[in-house]
Amino acid sequence: MTDHPDYTPTEVEAKWRARWHAERTNEADLDHASRPFYNLMMFPYPSAEGLHVGNLFAFTGADVFGRFKRMQGWNVFQPMGFDAFGIHSENFAMKVGMHPAELIPRNIANFTRQLTSMGGMFAWEHVLSTTDVSYYKWTQWLFLQLFKQGLAYKKKGSVNWCPTDKTVLANEQVIGGACERCGSMVEQRVLEQWYFRITDYAGRLLANLDDKSLMDWSESTVLAQKNWLGRSEGATIRFVAGKESIAVYTTRPDTLFGATFLVLAPEHPLVEQLTTPAERAAAEAYRAQAAAKDLVSRKVGEKEKTGVALGSTAINPATGAPIPIWIADYVLMEYGTGAIMAVPGHDERDFDFATKYRLPIVRVVAREGESADTPLAEALADVDAGRLVNSGEYDNLPALEAKRAVTRWLESSGHGEGKVQFRLYDWCISRQRYWGPPIPIIYCDDCGAVPVPEEQLPVVLPQIDDFRPDDSGVSPLARHAEWYFVPCPTCGKPGRRETDVSDTFLDSAWYFLRYPSSEFTDRPFDPARTARWLPVTSYIGGNEHAVLHLLYSRFITMVLHDAGMLSFEEPFRTFRAHGLIVKDGAKMSKSKGNVINPDEYISKWGADTFRTYLMFLGPFQEGGDFRDSGISGPRRFLDKVWELVSQATHPDCRDAEIRHEVLVKWHQTKKRVAEELELLHYNTAIAALMELVNALREQNCTEPTVVRELVQLLAPFAPHFAEECWERLAGTGSIFDARWPTWDPTLIIESSVTIVAQVNGKTRGTVAVARDADEATVRAAVEQLDGITRHLEGMTVRKVIYVPGRLVNFVVG
RNA sequence: GCGAACGUGGCGGAAUUGGUAUACGCGCGAGACUUAGGAUCUCGUGGGGAAACCCGUCCGGGUUCGAGUCCCGGCGUUCGCACCA
């Protein structure tokens, strides 16, 4: 670290943090702002480890943007909060033998300290935690709104169950079929769970993604959402099997003539009726085996397919032929109808299955040069591949056309109909856990599932010392008799509370609505506040939430819009995904021991240096590589600026005239930094500032006007530092209330330009000419160059390419 | 397997519409000031060559006066999704 500039970050940063707090610099006037700008970043889960660099990188990037927008004259509202419910907290609490209700406030206090020390422009008076009763009361209210609209319903669903820990596991906690914590094999359990009908909104959720007037999002995020929604077009086809009718969904109705067997998911409701007595035992055994598998390995494609025949047959409506019915766990109950028509000739999975169990494989599509009889060595699955064969009247039609033709026939003959299918499934919000908002439902023997009346909210999560889940599969809340047994709100007879809590994703699906209205206790979000501040102007966050969090937030917003409570249906006007930080080329992880503790860096280098380094180490939207050795660069840079500021406050600092080169660089930098900040190109914005500083030092320029504006451009990155410099340079008020410097477009143009001289495209020299020199002048200057004359000697110039202001290229032969 | 992004010095990374490749920073080398320096300042820093020049943006082709950038074919890395019919 440097000795001679007396810049001591600790003092400067403490001073300005105190000043901001005292003068309420970071608060926005939520009721009167004329140019509201809602700058949102993804609120963190307050872990016991504290903020990691990844958080800090993301928050700094978003903070830089918010500060920049404020300096441009926007009224920026930049809130922060904590996503503190969930399995993660609960597991950690169990591990350290504490109660989450005790642990979380500690963690939040630590996070708050860290977020303050990084110098974020947070509107702390609107801080929220999803675990506060004043917050989750409204999460429960939200559930009731969905319930009222018929968008919340109960059905049986499978969960991963660890028999040792006696708890439900998320899919990510199951590693290779075993519990990530104790290693015992995970089982599947079927429980009644609450679901939200997000699938009703699939079409809108998809369509809006392409509507630029509603949402301007990172391309990668839009794509991830589209893939998740997974729209496909095909047909539902009904196969008759004795008294039963089996519906299947297919994207390839054109291959109907090639359907040589049907496959149902093992848990399909018709399995029982379709099993012949001879096959009963085998079918039962197979179902039991499939049911015992954990959800993860059931779904992760195992190469070897298995299944059993049920003994009965169905009629292929196109050929009239009877085809056997099988069950196999490669068919999933959750997708489509839970049953497929198997076309082994044109589907890879069906091909594998048919090969293994010696089922007939029929070719119904032929490519150029193939005939109806050409044997298939593998499935030919490409729709665009060719024309139909072995398909009666559809022979010779291109497959794509046949798809429409067969669908029309299905509809006219009553065997099926065209169908748009989404991959998206309904959102299961039940968690058989303790640490979450209780789902506000009361069960009554007479009235069924009764919603808790809104005026009785909140359903407070009771303090239970032993919050560990037990073997019963019901939440520990059921053991708290006083809480559990309540009268039915409808009839008054004894009832029981729902003991599941809701998914953490529900907490975070509406937090952005709460922030501006966080002080209202009688409403989740105030209409006037909401009208002024929403939808969110800018949202910056990680792509790990590209799908679930962002999709759920959009869904909830749409539901509230449809209920007439919000005027908009898309919550985030712009969304930008930031990149990931790695350390010395490798992902950071506890096991590798390369996790960075930001506190150490902040106390050693100062928050401003650390922020500047984080923003400089790579493109914000791509992330970058954290290296200890790199931090000294930004620190030296701040020291140099500090020195310039010291010089610019001396009585004789004024330059009689600012040199032209400096003038141009100065105005170019103002323009460039503003443009780069707008695009979140922070690393290049900082590089531009470094260039300006280098130029000022080379030219011995200490002109206060220039230095003051330099400090302004730097302010979003190094806020405490900039405030201090601003004060020393006699700026009034906070630097963040001073307007962003403007540039003079006539001054960003240099008076002379460098022309590249080429022969056959190879650079042979350069020459500086006046910017407005005409072609003849430029050519004459270029022809004087040694490198050019040497290469033109004895050659015939066939052509001269002249690009004004750039180059002259002689094409010779 | 499918989808997407990317591949540039010793390292992190820059390069408007195709127009001086390597900005900015780290590191490294030499020098200055110093009792000292892991501080600071100055100069240098892609490879080869005395020079003229030649070679250089993962590899191989192509388009063009000119390609890091565009097209085709490989190889590699990373990130999503993953038996979705």
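Proteins come first, then strands; the chains are lettered A, B, ... in the order of their sequence lines, and each starts at number 1.
Considering only residues two or more places apart in sequence or on other chains, Arg798(A) meets the salt bridge (charged side-chain N to carboxylate O under 4.0 Å, His left out) condition with none of them. Under the salt bridge (charged side-chain N to carboxylate O under 4.0 Å, His left out) criterion, Arg197(A) pairs with no residue at all, not counting sequence neighbours.
Closest contact between the side chain of Arg423(A) and the listed nucleotides A85(B), C24(B), A82(B) involves A82(B). For Tyr335(A), counting side-chain heavy atoms from C-beta on, the closest listed nucleotide (C24(B), A21(B), A85(B)) is A85(B).
Taking side-chain N and O atoms only, Asn809(A) has no distance below 4.0 Å to OP1 or OP2 of G19(B). Within the 4.0 Å cut-off from OP1 or OP2 of C41(B), at least one side-chain nitrogen or oxygen of Arg697(A) is found. Checking the phosphate oxygens (OP1, OP2) of U40(B), a side-chain nitrogen or oxygen of Arg636(A) falls inside 4.0 Å. At C55(B), one or more side-chain N or O atoms of Lys762(A) fall inside 4.0 Å of OP1 or OP2 (strictly under the cut-off). Checking the phosphate oxygens (OP1, OP2) of A23(B), no side-chain nitrogen or oxygen of Asn694(A) falls inside 4.0 Å. Side-chain nitrogen and oxygen atoms of Arg635(A) include none within less than 4.0 Å of the OP1 or OP2 phosphate oxygen of G25(B).
G12(B) and A82(B) have their C1' atoms separated by 34 Å, with the value rounded to a whole Å. One P atom belongs to G19(B), the other to G74(B), and the distance between them is 28 Å to the nearest Å. Comparing C24(B) with C75(B), their P atoms sit 38 Å apart, to the nearest whole Å. Comparing C79(B) with C28(B), their C1' atoms are spaced 34 Å from each other, to the whole Å. Comparing the C1' positions of A21(B) and G66(B) gives a spacing of 14 Å, expressed to the nearest Å. Taking atom C1' in both G47(B) and U8(B), one finds a spacing of 15 Å when rounded to whole Å. Taking atom P in both G80(B) and U20(B), one finds a spacing of 37 Å when rounded to whole Å.
Within 4.0 Å of Asn683(A), counting heavy atoms only, lie sugar-phosphate atoms of the nucleic acid but no base atom. Across all strands, Arg798(A) comes closer than 4.0 Å to no nucleic acid atom at all (heavy-atom distances). Using a 4.0 Å heavy-atom cutoff across all strands shown, Ser632(A) reaches sugar-phosphate atoms only and no base atom. Nucleic acid contact class of Ile801(A) (heavy atoms, under 4.0 Å, all strands): base. Residue contacts shown for Arg764(A) are limited to sugar-phosphate atoms, with no base heavy atom under 4.0 Å away. Residue Ser220(A) is classed as having no contact, given no heavy-atom separation below 4.0 Å to the nucleic acid.
The base of U17(B) lies close enough to the side chain of Arg806(A) for a donor and an acceptor atom to sit less than 3.5 Å apart. On a pure distance criterion of 3.5 Å, a polar donor-acceptor pair joins the side chain of Gln758(A) and the base of G19(B).
The backbone N or O of His52(A) lies less than 3.5 Å from a partner atom in the side chain of Asn55(A), making a donor-acceptor pair. In terms of modelled atom types and a separation under 3.5 Å, the side chain of His578(A) and the main chain of Gln621(A) share no donor-acceptor contact. Under the 3.5 Å distance criterion, the side-chain polar atoms of Thr255(A) are left unmatched by any main-chain donor or acceptor of Val343(A). Remark: side-chain polar atoms of Asn316(A) are paired, donor with acceptor, to backbone N or O of Ala259(A) under 3.5 angstrom. Of the possible polar contacts, none joining the Asp329(A) side chain to the Pro266(A) backbone as a donor-acceptor pair under 3.5 Å is found.
A 3.5 Å limit on both hydrogen-bonding distances identifies C59(B) as the Watson-Crick or G-U partner of G73(B). Within the shown strands, C79(B) is the pairing partner of G3(B) under the Watson-Crick or G-U definition, both distances less than 3.5 Å. Within the shown strands, G29(B) is the pairing partner of C43(B) under the Watson-Crick or G-U definition, both distances less than 3.5 Å. Judged by Watson-Crick or G-U wobble contacts below 3.5 Å, the nucleotide G19(B) has C65(B) as its partner.
Side chains of Thr60(A) and Tyr682(A): a donor-acceptor N/O pair is absent below 3.5 angstrom, by distance only. Checked by atom type, the side-chain pair Asp350(A)/Tyr330(A) shows a donor-acceptor distance below 3.5 Å.
Here Glu661(A) does not pair with Lys665(A) in a salt bridge; the nearest charged N to carboxylate O distance is not below 4.0 Å.
If you measure from atom NZ of Lys419(A) to atom C1' of A85(B), you get 14 Å, rounded to the nearest angstrom. Put simply, OH on Tyr330(A) is 13 Å from P on A85(B), counting in whole angstrom units. Computed from coordinates, the Ile340(A) CD1 to A85(B) C1' distance equals 5 Å when rounded to whole Å. Taking atom CD1 of residue Ile631(A) and atom C1' of nucleotide G38(B), one finds them 15 Å apart after rounding to whole Å.
For residues 612-620 of chain A, proximity to RNA chain B is found at Phe616(A), Leu617(A), Pro619(A), defined as any non-hydrogen atom under 4.0 angstrom from a strand atom.
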